[in-house]
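Proteins come first, then strands; the chains are lettered A, B, ... in the order of their sequence lines, and each starts at number 1. Hydrogens, waters and symmetry mates are skipped; everything else that's a heavy atom, side chains included, is used.
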Number of protein chains: 2
Amino acid sequence: MVETGGRDTRERIIEAAGEVFARKGFRRATVRDICARAGVNVAMIKYHFGGKAGLYTAVLEHFRSVAGRRSRQIIDRAEREGPEARLKAFIRAQLEKLTGSGRPAWFDRLMSREVMDPTRALDAIVETGVRPSAERLVGVVQELLGRDDREPDLLYCCLSIVGQCLHHHYAKNVIARLYPGLAYGPGELDRLAEHITDFSLAGLAAHRKRHDAIEEYAAL
Amino acid sequence: MVETGGRDTRERIIEAAGEVFARKGFRRATVRDICARAGVNVAMIKYHFGGKAGLYTAVLEHFRSVAGRRSRQIIDRAEREGPEARLKAFIRAQLEKLTGSGRPAWFDRLMSREVMDPTRALDAIVETGVRPSAERLVGVVQELLGRDDREPDLLYCCLSIVGQCLHHHYAKNVIARLYPGLAYGPGELDRLAEHITDFSLAGLAAHRKRHDAIEEYAAL
DNA sequence: GACTTTCTTAAACGCTTGTTTAAAGTCCGG
DNA sequence: CCGGACTTTAAACAAGCGTTTAAGAAAGTC
């Protein structure tokens with residue numbers, strides 16, 4: 001009756017659900033909306049996934065592999081370079097994640113949705129999606145600070161960096177109202193990445209100088 | 001029948017609604033929950049406020065005056081000092097806003113709720129709650145950069161500063177999972193404010209040096 | 001004290017949500 | 001073909017939501 005177009009029902013549901021979940025989050029998304037987009041009866045969600053929650057985890061599992069592909073590409077390109085270039089690549093990748101609109105960006109959107117309004121899937125998302133990224137940043141910052149510990153002040157530095165990036169995503173509605181002139185095209189994203197990089201490198205350099213001075217004093 | 005205890009019904013509803021809205025946001029809060037806490041019939045919300053949306057705006061209006069009292073106190077204390085001290089006061093006040101749990105903090109919690117998941121009240125909140133604060137920061141940053149324009153790169157600096165502060169609020173669930181050791185008691189808040197201040201002052205100083213060099217070059 | 005206005009109540013309405021049911025359709029090996 | 005397993009369908013269910021109704025209580029007014 002309905003032309004299945006070759007794609008299986010399960011796939012069609014996951015595809016539609018990925019889009020809807022990414023746009024509205026788990027709670028505000030409705031199974032009826034998802035099923036309408038997939039051209040499928042609402043009962044299929046129980047049949048194939050056991051329920052809305054099961055569908056959500058299936059969607060996360062499905063898009064985990066393709067997630068952050070473009071971000072990883074940006075980061076990998078700078079793999080062999082110095083810590084400054086790797087920091088800039090990390091920052092550019094963070095900004096890229098949050099403005100992407102294609103299918104690979106759905107997982108990233110779900111991640112930031114989850115950050116703001118957690119569900120039970122948060123633990124899994126943190127481990128598979130956030131921690132690897134965070135560990136990479138910790139490594140770069142350790143290198144830039146010339147240390148190998150992870151004292152609170154080092155983590156503060158990392159949080160300062162990602163905070164600058166993600167703020168443009170969290171607060172985009174407010175920023176748009178406060179400063180209607182600011183746009184977020186690819187060119188602005190490059191300039192913004194450059195700003196955050198320079199800002200952070202200066203902050204890190206100052207922190208290193210201060211910390212080294214304290215170490216020196218303590219060594220006496 | 002029910003002992004009104006002297007407080008008017010309207011007040012009891014607004015008090016309960018303030019707590020519930022601050023904790024759950026507009027959408028996830030239910031009128032039944034609010035009315036149960038207020039010990040009041042659900043129909044009273046239509047009678048006194050016209051509906052849930054009217055109650056929400058009434059709550060915003062009611063708590064607007066007491067909002068940010070402690071923050072303003074922190075900021076005013078540094079009013080006569082240099083821009084560095086005023087920046088630190090601003091940062092400390094931002095952190096204070098997000099960890100406060102008393103009644104004066106409800107408006108601030110509602111503000112950040114609104115930032116993450118806007119309702120129609122966002123415009124009013126931005127104008128009355130966010131813009132004054134943002135303008136103050138712009139002033140301090142202008143002073144620190146030695147400029148009086150508000151080019152995009154200056155706004156980027158401001159956004160870098162508030163981003164560092166608010167990230168600890170937006171992403172608190174994720175940060176708690178990533179780094180279980182980090183706590184947010186008053187002492188940590190002071191240290192965090194000091195970190196963000198130093199980090200940002202270094203970033204601003206480097207930005208100023210870079211910008212002045214460009215200006216000088218352009219003047220030739 | 002009767003009357004009007006203001007306030008409050010219990011109950012139900014209409015809607016949306018996720019879920020479930022029972023019947024019908026589809027597919028495929030025998 | 002045919003029969004059983006797998007899919008899909010339309011419809012309804014139960015719960016929660018904001019809202020509304022109609023009747024009653026409380027309080028002020030003449």
Side-chain angles (χ1 to χ4, degrees), chain A residues 1-62 110 113-114 117-121, chain B residues 1-62 110 113-114 117-121:
Chain A
M1 189 57 61
V2 175
E3 80 268 30
T4 55
R7 290 195 295 175
D8 189 33
T9 300
R10 263 187 75 101
E11 278 186 47
R12 286 224 312 282
I13 294 178
I14 286 187
E15 200 75 11
E19 184 189 340
V20 176
F21 280 142
R23 193 152 36 85
K24 307 209 183 191
F26 175 74
R27 282 175 241 268
R28 296 230 274 152
T30 70
V31 298
R32 282 177 168 79
D33 182 12
I34 291 169
C35 290
R37 284 167 197 273
V40 146
N41 191 284
V42 289
M44 302 319 297
I45 266 170
K46 170 175 184 186
Y47 182 78
H48 286 288
F49 306 98
K52 187 184 180 184
L55 171 59
Y56 189 60
T57 65
V59 167
L60 289 176
E61 179 63 26
H62 183 260
L110 281 177
R113 279 274 171 202
E114 201 74 27
D117 189 15
T119 70
R120 287 185 189 155
Chain B
M1 190 56 61
V2 175
E3 81 270 29
T4 56
R7 288 195 297 174
D8 189 33
T9 300
R10 263 188 74 103
E11 278 186 50
R12 286 224 312 282
I13 294 177
I14 286 186
E15 200 75 13
E19 184 188 340
V20 176
F21 281 141
R23 191 152 36 87
K24 305 209 184 192
F26 176 73
R27 282 176 240 268
R28 295 230 273 151
T30 71
V31 297
R32 283 177 168 81
D33 182 13
I34 291 168
C35 290
R37 285 168 196 273
V40 147
N41 190 283
V42 289
M44 302 319 296
I45 267 170
K46 172 180 181 180
Y47 182 80
H48 285 289
F49 306 98
K52 186 184 180 184
L55 170 60
Y56 188 60
T57 66
V59 167
L60 290 176
E61 179 64 27
H62 183 259
L110 281 177
R113 279 270 171 205
E114 200 75 27
D117 190 15
T119 71
R120 287 188 189 153

| For atom CZ of B:Arg10 and atom P of C:dC7, their distance in whole Å | 10 Å
| field | Length of the CG-P vector between A:Leu55 and C:dT17, whole Å | value | 15 Å
| Could you state the CZ-P distance from A:Arg27 to C:dG18, rounded to the nearest angstrom? | 13 Å
Validation: residues 31-50 of chain B side-chain donor-acceptor distances under 3.5 Å, sequence neighbours left out:
residue : atom : partner : partner atom : Å
B:Asp33 : OD1  : B:Arg37 : NE           : 3.0
B:Asn41 : OD1  : B:Ala43 : N            : 2.8

| Among residues 43-53 of chain B, which contact DNA chain C at a heavy-atom distance under 4.0 Å? | B:Ala43, B:Met44, B:Tyr47, B:His48
| Any B:Thr9 side-chain nitrogen or oxygen under 4.0 Å from OP1 or OP2 of C:dT8 | yes
| task | Nearest whole angstrom, please: distance from the C1' of C:dT17 to the CD1 of A:Ile34. | result | 13 Å
| Quick one: CG on A:Leu55 to CZ on A:Arg10, what's the gap to the nearest 0.5 Å? | 9.0 Å
| task | Measure the spacing between CZ of B:Arg28 and CZ of A:Arg27 and express it to the nearest 0.5 Å. | result | 4.0 Å
| message | Can you work out whether A:Arg32 or A:Val40 has the more 5'-proximal nearest nucleotide on DNA chain D? | response | A:Val40
| remark: Rounded to whole Å, CG of B:Asp33 lies from C1' of D:dG18 at a distance of 14 Å
| query | Once you round to the nearest 0.5 Å, how far does NE2 of A:His62 lie from CD1 of A:Ile13? | reply | 12.5 Å
| request: May I have the distance from A:Tyr56 (atom OH) to C:dT19 (atom C1'), rounded to whole angstrom? | output: 20 Å
| request: First locate atom CZ of A:Arg23, then atom CZ of A:Arg113, and finally report the distance between them rounded to the nearest 0.5 Å. | output: 9.5 Å
| task | Examine D:dG16: is either OP1 or OP2 under 4.0 Å from a nitrogen or oxygen in the side chain of B:Thr30? Give yes or no. | result | no
| query | Roughly, in whole Å, what's the span from CG in B:Asn41 to C1' in D:dT21? | reply | 12 Å
| query | Is there side-chain contact between A:Lys52 and A:Phe26, with heavy atoms separated by less than 4.5 Å? | reply | yes
